[in-house]
Amino acid sequence: QEQVNHMRNKLGISVWGSDIPPPVDNFDKVVECGVSLVMVNNLRNQGYQEPTPVQAQAWPLLLQGRDLLAAAPTGSGKTAGFVVPMLHQLGGPQRRGFRALILTPTRELARQIHRECGRLAEGLGIRATVITNVNKARAKYGPQSAKKIDVLVTTPNRLVYLLRESDDGPPLSLDNVEMLVVDESDRLFEEGGGKGGGFRDQLAEIYRACTHPAVIRAFFSATHSHQVQQWCATNLNNPAMINVGVRNT
Ligand code: ADP
Ligand code: MG
């Protein structure tokens, strides 16, 4: 345990919650956690040499299926922090429709996350999509046609709109979602009552649509936010909370 504390100190990681596994500070340990060599090679092919601190602590938690709130500075590799365990959870393509959902505040961020999914899913057969046009989306993601896409990346506004019944077609289904990620959750929670109501209301609606009994939920933020922490403490299942600060070298 002392060794684990020392490693966390060195990486600038603070943790809260019961039974937090040790950080995985190199790719060999990531493979030992069960992540496929294909994916680890995809990480290496990006030029990554080792997990960043937030990845080192978030990966073993999410790979165990634990609910998580993670705060780490901008540029610390949070995207791969949730994409790697998400792809692991999905395993391969299943043609059962969306099995993972990533919410993010802007369309540009959604596109960036979608690109990173593509790079890290190389050779896994898992497909991701971004909703760009809500009017075309119903036809595109209706019950039949969305079957071959496993990951949906979107802003909450667009998604909430598509979850509602409409003359244009059936609502989009989130019944098979096994993992829900809220990226930049501090920013999303700060956004007050926009068009679709405040983010809290939107999140509640999205939650209700994710009917799978064992959804893994991961919240990532750049800053430690009291609001988000309160929400997670109340609504998540035995969440782990991690905070990454400045590296203590
Ligand atoms: P954040 O979401 O925390 O702001 P990003 O996920 O956008 O950060 O990552 C920032 C940059 O770090 C990206 O260019 C990404 O490719 C790179 N990166 C991610 N993981 C690693 C890693 N393990 N080693 C080196 N660079 C990484
Ligand atoms: Mg980010």
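Just so you know, ligand 1 is whichever comes first in the structure, and atom 1 is the first atom listed for that ligand. In this text, all values refer to a predicted model and were calculated from it rather than measured experimentally.
If you look at ligand 1, the protein residues with a non-hydrogen atom under 4.0 Å away are Tyr48, Glu50, Pro51, Thr52, Gln55, Pro73, Thr74, Gly75, Ser76, Gly77, Lys78, Thr79.
Under the 30°/60° scheme for interplanar angles, the aromatic rings of Phe219 and Trp231 are found to be tilted. Ring pair Phe189/Phe199 is perpendicular by interplanar angle, where above 60° counts as perpendicular and below 30° as parallel.
Looking only at side-chain heavy atoms (C-beta outward), Asp175 and His212 stay at 4.5 Å or farther from each other. Using a 4.5 Å cut-off on side-chain heavy atoms (C-beta onward), Arg119 and Asn42 make no contact. Side-chain contact between Leu43 and Gln46 is absent, with no heavy atoms from C-beta onward closer than 4.5 Å.
In the displayed structure, Asp19 atom CG is contacted under 6.0 Å by at most 12 heavy atoms of other residues, nucleotides or ligands.
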